[in-house]
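Side-chain atoms are counted along with the backbone in the values below, which use heavy atoms only and exclude waters and symmetry mates.
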Amino acid sequence: QVQLWESGGGLVQSGGSLRLSCEASGFTFSSYTMSWYRQVLGKERELVATISPAGNSNYPDSVKGRFAMSRDNDKKTVYLQLTNLKPEDTAVYYCYRSGGFWGRGTQVTVSS
């Protein structure tokens, strides 16, 4: 079955960086678009990055220039490099594959 495991979250100061990872299993990873979302308690999940099977990525304006998504098809892993982090980036970050498959999330907390 499809499984997604996120890791790499933590506590970082404003302006700092983190790299999140999402390891996948149970499907042909290289064939799928993958995404990262984030969610603040009480709010809807927000799309922050998407990457195509060919490695083309897209971002909303809120994170463009600060976040970078990449993938390693051999390792069946996607990454999200977070830079110049702001307190408003604090959220649980989730990995997503089309068809309704979510990981459990990893917490990112940015202190001011």
Qualifying residues under side chain to side chain donor-acceptor pair (under 3.5 Å), relative to Ser52, sequence neighbours excluded: none
SB check Asp61 Lys64 (cutoff 4.0 Å): yes
So which atom in [X] and which in [Y] form the shortest heavy-atom distance, rounded to 0.1 Å?
| X | Y | result |
| --- | --- | --- |
| Trp36 | Ser21 | CH2-O, 3.6 Å |
| Arg71 | Thr33 | NH1-CA, 4.4 Å |
| Gly105 | Val92 | CA-CG1, 3.8 Å |
| Lys75 | Glu23 | O-CG, 4.5 Å |
| Ser14 | Pro87 | OG-CD, 3.8 Å |
| Ala91 | Val40 | CB-CG2, 4.0 Å |

So if I apply the side-chain contact (heavy atoms from CB on, under 4.5 Å) rule between [X] and each of [options], which one comes out positive?
| X | options | result |
| --- | --- | --- |
| Val63 | Glu46, Arg38, Lys86 | Arg38 |
| Leu18 | Leu80, Leu11, Leu82 | Leu82 |
| Met34 | Thr50, Leu4, Thr77 | Leu4 |

Residue pair Thr83, Ser17: steps toward the side-chain contact (heavy atoms from CB on, under 4.5 Å) verdict: CA-CA 4 Å; Thr83 60; Ser17 300; 3.7 Å; yes
Qualifying ring pair (Phe, Tyr, Trp, His ring centres under 6.0 Å) pairs with a residue from residues 90-112, counting only residues at least two apart or across chains: Tyr37-Tyr96, Tyr37-Trp102, Tyr96-Trp102
Pairwise side-chain contact, Met69 with Val48, heavy-atom cut-off 4.5 Å (strictly under): no
